[in-house]
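Each remark here refers to the structure printed beneath this line.
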2 protein chains.
Amino acid sequence: MGKPRKPQDCGSQQRALERLEALCRARGQRLTRQRRAVLRQLLAEGRALSAYELLARLRPEDGRSTPAGVYRALECLMQAGVVHRLESTRSFILCGHPEAPHGGQLLICRTCGQVVETEDERVEAATGRLGQRLGFSLDQRFVELTGVCERCRVPQTAH
Amino acid sequence: MGKPRKPQDCGSQQRALERLEALCRARGQRLTRQRRAVLRQLLAEGRALSAYELLARLRPEDGRSTPAGVYRALECLMQAGVVHRLESTRSFILCGHPEAPHGGQLLICRTCGQVVETEDERVEAATGRLGQRLGFSLDQRFVELTGVCERCRVPQTAH
DNA sequence: TCGCCAAATGATACATTGTATCAGTTGAAC
DNA sequence: GTTCAACTGATACAATGTATCATTTGGCGA
Ligand SMILES: [Zn+2]
Ligand SMILES: [Zn+2]
Ligand SMILES: [Zn+2]
Ligand SMILES: [Zn+2]
């Protein structure tokens, strides 16, 4: 609960949206009305949303949105690498650094809902080596760490 | 799909069941009829099962089993540390080495469904350090690596 | 510009996964 | 045996995710 990181202002939101659109196109995905709408909502929210939370935000501006439509849009955006799914909370979030395709780590604050995405070399190396050691050729790595972030742990005296 | 690791024979199954029961009791959990039945099914199956797959196996021997009952049993067994939930496949599996409570890594073969559970020091260290670096005090670590296991990759000529 | 075709959508229905509630039962402790 | 918390049974429902198919859209070549 509690407010997560505040959403970006409109100017940078617009720029971020354009950047994401360019990425989608570059990766061979049409960026349609629905998909753009999903991106916009995720960007505006600034935190992870469940598919049905997304749907609730989309319906006011497009009454024809459906679960299937939302899931299809999310599927496509995940393909394009600009959205990730949080397995442990069944929700979806914008990629934090979508420039290069990747599978990183997600740190989730269970108090404020903040999600931090990283690409930690040591974790990458360790999981890769683990797969190798056990004879697995890995194709996906889910690393989701939940806990309490610094801001939530230290009850900073608002000044 | 394809058969995963074959379930253990009845003798060692019985022993394993008794060992698990002892662990549950040691951790302050009553081991009731339903919970024992869930354990038995997971042990017999030798792979991860969804809650409803479990339910389907329980009903023939106890027609009063319900989803709520299965989830309650699973909840308790997870508390006791003898069952894990696979977030990425929404299923449940017996802990591979339940002697000490832990949160390890799960390697999942997407061909045969086999799940290997490890407690890799390097992965533990790397994720711990990552949390620390980002100011998170972690309380749970989901590390699920999916890929293809050795047996499935090398189509060994059965002899 | 026009027609074509693959991709995407809309609409509907359904499948799977997980919880809430509350009355009744059980079982360990005294 | 009584008691009380834990557990169960039963029911209903909430949340999450898919299948199907007719229709629309949009890029592309004639
Ligand atoms: Zn990312
Ligand atoms: Zn926080
Ligand atoms: Zn385990
Ligand atoms: Zn395999």
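Below, read A as the first sequence line, B as the second, and so on, with proteins coming before strands; counting in each chain starts at 1. Values in this document were obtained by computation on a predicted structure and should not be read as measured data.
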side-chain contact (heavy atoms from CB on, under 4.5 Å) partner of Leu145(B), the single match among Leu107(B), Leu106(B), Thr118(B): Leu107(B)

Just how far, in rounded Å, is P of dT17(C) from CG of Leu86(B)? 13 Å

If we ignore angles and hydrogens, is there a donor and acceptor under 3.5 Å between the side chains of Glu144(A) and Gln140(B)? no

Can you check the Arg64(A) CZ to dT24(D) C1' distance for me, whole Å? 10 Å

Just to confirm, is there a sub-4.0 Å distance from OP1 or OP2 of dT11(D) to any side-chain nitrogen or oxygen of Thr66(B)? no

Among residues at least two apart in sequence or on other chains, which ones pass side-chain contact (heavy atoms from CB on, under 4.5 Å) with Arg72(B)? Ala68(B)

What's the CG-C1' distance between Leu55(B) and dT8(D), to the nearest Å? 14 Å

Using only side-chain N and O atoms of Arg35(A), determine if any of them is under 4.0 Å from OP1 or OP2 of dA7(C). no

Applying salt bridge (charged side-chain N to carboxylate O under 4.0 Å, His left out), which residue pairs with at least one partner in residues 54-64 of chain A are found, sequence neighbours left out? Arg33(A)-Asp62(A), Arg40(A)-Glu61(A), Glu45(A)-Arg57(A), Asp62(A)-Arg64(A)

dT9(C), OP1 or OP2 - any side-chain N/O from Thr32(A) closer than 4.0 Å? yes

Check the phosphate of dA7(C) against Arg30(A), side-chain N and O only, distance under 4.0 Å to OP1 or OP2. Yes or no? no

Between dG10(C) (C1') and Leu58(A) (CG): distance, integer Å: 15 Å

Here the pair of heavy atoms bringing Leu58(B) nearest to Gln41(B) is CD2-CG, 3.6 Å

Straight-line distance of Leu86(A) CG to Phe142(B) CZ, nearest 0.5 Å: 11.0 Å

Separation of dT25(D) P from Asp62(A) CG (nearest whole Å): 12 Å

Restricting to nitrogen or oxygen on both sides, can you table the protein-nucleotides 14-19 of chain D pairs closer than 3.5 Å?
| from | atom 1 | to | atom 2 | distance (Å) |
| --- | --- | --- | --- | --- |
| dG17(D) | OP1 | Arg85(A) | NH1 | 2.8 |
| dG17(D) | OP1 | Arg85(A) | NH2 | 2.6 |
| dG17(D) | OP2 | Tyr71(A) | OH | 2.5 |
| dG17(D) | O5' | Tyr71(A) | OH | 3.2 |
| dG17(D) | N7 | Tyr52(A) | OH | 2.7 |
| dG17(D) | O6 | Tyr52(A) | OH | 3.4 |

Closest non-hydrogen contact found for Glu124(A) with Arg141(A) is O-NH1, 2.9 Å

For atom CG of Leu54(B) and atom P of dT17(C), their distance in whole Å: 11 Å

Rounded to whole angstrom units, what separation is found between the CZ atom of Arg36(B) and the P atom of dG27(C)? 11 Å

Round to the nearest Å and state the distance from Gln79(B) atom CD to dC7(D) atom C1'. 15 Å

